[in-house]
**Q** 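Please see the structure below; I have some questions.
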Amino acid sequence: KQQYLLDLGVAKVASSRDSEDYETSLAAWCEQEGPPDIVLNSLSGEFIRISLQYMADRGLFVELGKRGVWSSEKVAKAAPDVCYHLVALD
């Protein structure tokens, strides 16, 4: 799946199988290019915390997932300056 995304021209692809690898990738990208302004998320659990931690101030976090999503209140506690939207694509 990762190679497919890279072949499509996606510049940054990280593993969602291991949260430590995911965090290492995000930290390196943020160091090189700064934090992302927008996150389109379908991950759950620890991956949400990590994504929020590395977002730009006043960033936009769009939750596409169905399971393990965070409430608006939980996101506000973890990242008070991030705008959070839960989107149902079905």
Side-chain angles (χ1 to χ4, degrees):
K1 292 179 187 177
Q2 291 183 10
Q3 188 58 51
Y4 176 73
L5 293 171
L6 293 168
D7 291 345
L8 288 174
V10 175
K12 306 287 189 238
V13 178
S15 173
S16 61
R17 302 225 181 252
D18 181 287
S19 63
E20 289 181 25
D21 288 344
Y22 181 73
E23 185 163 12
T24 299
S25 295
L26 283 180
W29 297 337
C30 289
E31 187 175 310
Q32 294 169 1
E33 300 179 28
D37 295 313
I38 300 171
V39 170
L40 299 176
N41 185 67
S42 63
L43 302 174
S44 62
E46 186 69 6
F47 293 97
I48 296 174
R49 181 201 59 80
I50 294 166
S51 295
L52 288 169
Q53 176 181 332
Y54 286 95
M55 286 192 67
D57 292 343
R58 295 182 305 256
L60 173 62
F61 189 96
V62 180
E63 179 59 75
L64 304 174
K66 293 283 186 187
R67 296 186 191 129
V69 299
W70 286 19
S71 68
S72 297
E73 294 79 17
K74 187 170 182 177
V75 171
K77 279 186 177 182
D81 57 346
V82 168
C83 183
Y84 175 74
H85 293 281
L86 179 60
V87 177
L89 295 177
D90 53 354

**Q** I'd like to know if the side chain of Y54 and the backbone of W29 have a donor-acceptor N/O pair within less than 3.5 Å.
**A** no

**Q** Heavy atoms only: give me the nearest N41-S51 pair and the separation to one decimal.
**A** OD1-OG, 4.4 Å

**Q** Measure the spacing between CG of D37 and CE of M55 and express it to the nearest 0.5 Å.
**A** 7.5 Å

**Q** Looking only at non-hydrogen atoms, find the nearest pair between C30 and P36 and report the distance.
**A** SG-CD, 3.9 Å

**Q** Say whether V69 and V75 are linked into one hydrophobic cluster, either directly or through other cluster members, by side-chain heavy-atom distances under 4.5 angstrom.
**A** yes

**Q** Looking only at non-hydrogen atoms, find the nearest pair between D18 and S15 and report the distance.
**A** N-OG, 4.0 Å

**Q** How about L6 and Q3: do any of their side-chain heavy atoms sit closer than 4.5 Å?
**A** yes

**Q** Might you point out which heavy atoms bring W70 and A78 nearest each other, and give the distance in Å?
**A** CZ3-CB, 3.8 Å

**Q** Quick check for you: to the nearest 0.5 Å, what is the distance between I48 atom CD1 and Y84 atom OH?
**A** 6.5 Å

**Q** Quick one: salt bridge (Lys or Arg N to Asp or Glu O under 4.0 Å) partners of E23, sequence neighbours excluded?
**A** R49

**Q** To the nearest 0.5 Å, how far apart are CG in L26 and OG in S19?
**A** 11.0 Å

**Q** Out of curiosity, L86 CG to S71 OG, how far, rounded to the nearest 0.5 Å?
**A** 10.5 Å

**Q** Go through the structure and list residues passing ring pair (Phe, Tyr, Trp, His ring centres under 6.0 Å) with F47, not counting sequence neighbours.
**A** Y22

**Q** Indicate the atoms forming the closest heavy-atom contact of A56 with V82, along with that distance.
**A** O-CG2, 4.4 Å

**Q** What is the distance from atom OG of S25 to atom CD of E20, rounded to the nearest 0.5 Å?
**A** 12.0 Å

**Q** Return each pair, listed once, that meets salt bridge (Lys or Arg N to Asp or Glu O under 4.0 Å) where at least one residue sits in residues 58-80; pairs must be two or more places apart or across chains.
**A** K66-D90

**Q** In terms of hydrophobic clustering (I, L, V, M, F, W, Y; side-chain heavy atoms under 4.5 Å; direct or indirect links), are L60 and L40 co-clustered?
**A** yes

